[in-house]
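Counting starts at 1 for both ligands and their atoms, following the listed order. Treat the numbers as computed from the prediction; the structure is a model and nothing was measured. The residues of the chain are indexed from 1 along the displayed sequence.
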Amino acid sequence: MPFDIARIRAAYPALAEGFVHLDGAGGTQTAGPVVDATAAAMRAAMGNRSAAFAPGRRSLELVAAARSAVADLLGAEADGVVLGPSATALTYTLARTLGARWRPGDEVVVSRLDHDANVRPWVQAAEAAGATVRWAEFDRDTAELPTERYAQLVGERTRVVAVTAGSNATGTVPDVPAIAAIAHAAGALVCVDGVHSVPHGPTDVAALGADFLVTSAYKWSGPHLGAMVAAPATWERLRPAKLLPSSDAVPERFEYGTPSFPLLAGVAAAVDHLAGLDPTATGSRRERLVAGLSAARAYEETLLERLLAGLAVLPGVTVLGSPARRCPTVSFRLAGLSPQRTQEELGAAGLCLSAGDYYAYEYFQAMGLRDSGGAVRASLYHYNTVEEVDRLLGELDRLAAGGGRMAG
Ligand SMILES: Cc1ncc(COP(=O)(O)O)c(C=O)c1O
């Protein structure tokens with residue numbers, strides 16, 4: 001099925017403003033049905049969760065609908081979906097909870113390719129427990145994360161292996177199932193950061209071998225909320241710090257405070273929206289999600305190829321890494337212009353891109369690029385077009401030739 005980009009774009013009201021959004025990794029635009037569902041929930045009579053009266057039941061239903069939607073998106077069980085304010089907050093909760101059981105001599109394995117949200121919570125939990133941190137290094141040229149190194153890093157004292165399913169800096173998609181198999185053979189738990197990978201194709205938490213997988217709805221057309229999934233039986237074994245009167249049930253005991261019910265309506269609407277990306281798809285919501293996100297991935301790959309081919313022939317452009325499997329995300333630097341200046345020049349032309357380290361702190365530190373401003377990132381999403389990719393390439397060509405728009 002050809003990807004009907006005009007139909008797709010019409011679903012995002014913000015695109016009417018005319019900016020070129022090339023920062024999906026930093027957050028996508030919000031789909032119209034998400035805006036509508038959130039507003040409808042805010043307009044409706046609403047109470048805190050209670051089965052005793054209709055507005056209270058409405059809140060209960062919104063929570064249940066959000067869990068069921070995220071479960072369909074990730075191939076998980078609704079009772080294993082923990083909802084929270086952000087992927088960072090959820091990972092901190094998990095790391096503190098697991099870390100409370102670690103002893104000196106225990107080990108955790110983190111990667112230098114990960115966003116700091118799947119690094120620092122583990123490093124700090126290890127410090128608090130006197131446990132040891134072991135680092136998986138990436139290949140400096142390709143930005144691949146070699147699987148075979150995990151065989152040396154993981155041992156009988158490894159408690160957790162934390163790894164990304166998609167780098168938000170280089171787009172690298174590591175071989176998470178193989179890494180998880182090594183971790184599981186040693187009895188370790190696997191925590192996968194799916195924040196950057198989930199928007200770009202179907203996700204199956206079991207196929208990945210993830211004991212825990214975290215995602216953020218604002219990276220896939222939804223509101224600023226996160227979710228972490230695990231098997232309900234896995235959550236049952238864990239006891240987080242919590243308030244005395246709050247629910248002790250799974251998954252509620254991992255959720256702090258009163259959730260934003262209207263934004264949860266937006267989460268479910270975002271998943272329904274993704275399930276409609278391929279209008280010819282039929283079957284369960286999960287099946288339509290797999291079809292829709294597969295179609296989106298195929299379309300994004302054509303844009304990525306065009307972007308990479310265009311960058312390769314631009315003078316003065318250096319692309320960071322060349323991973324074999326990648327999300328449609330590319331970091332690059334322009335000779336003679338700092339990443340921040342490049343970002344500002346592009347911004348002045350109406351193109352929105354990230355610059356810096358985008359919290360992929362260890363990656364840029366290891367590359368020796370943090371002090372010189374990191375890189376510029378072009379991160380594609382399924383609402384981007386060939387014309388937008390060409391506009392970026394054209395602007396970069398002009399900048400490479402010394403033709404900045406901004407004075408000074
Ligand atoms: C790969 C990756 N992991 C984690 C995060 C953190 O997500 P959140 O903002 O929901 O805490 C981000 C955010 O950019 C990310 O790109």
Open item on the list: Can you tell me if Tyr359 has over 12 outside heavy atoms packed within less than 6.0 Å of its OH?
Closed with: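 No, the 6.0 Å shell around OH holds no more than 12 heavy atoms from other groups.
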Task: Within 6.0 angstrom of Met46 CE, more than 12 heavy atoms from elsewhere - done: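 Enclosed: over 12 neighbouring heavy atoms sit under 6.0 Å from CE of Met46.
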Task: Shell of residues surrounding ligand 1, defined by a 4.0 angstrom heavy-atom cut-off that is strict - done: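 Close residues (ligand 1, cut-off 4.0 Å): Ala25, Ser86, Ala87, Thr88, His115, Ala117, Asn168, Asp193, Val195, His196, Ser216, Tyr218, Lys219.
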Open item on the list: As an exercise, state the distance from OH of Tyr363 to OG of Ser331, rounded to the nearest 0.5 Å.
Closed with: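 The OH atom of Tyr363 sits 6.5 Å away from the OG atom of Ser331.
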- [ ] To the nearest 0.5 angstrom, please state how far the CG atom of Leu392 sits from the CG atom of Leu396.
- [x]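 Leu392 atom CG to Leu396 atom CG measures 4.5 Å (nearest 0.5 Å).
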Task: Given Arg285, Arg286, Arg288, the one that forms salt bridge (Lys or Arg N to Asp or Glu O under 4.0 Å) with Asp72 - done: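 Exactly one candidate clears the test, Arg285.
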Open item on the list: List the residues meeting salt bridge (Lys or Arg N to Asp or Glu O under 4.0 Å) with Glu362, not counting sequence neighbours, and say none if there are none.
Closed with: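 Applying salt bridge (Lys or Arg N to Asp or Glu O under 4.0 Å) to Glu362 gives Arg112, Arg120.
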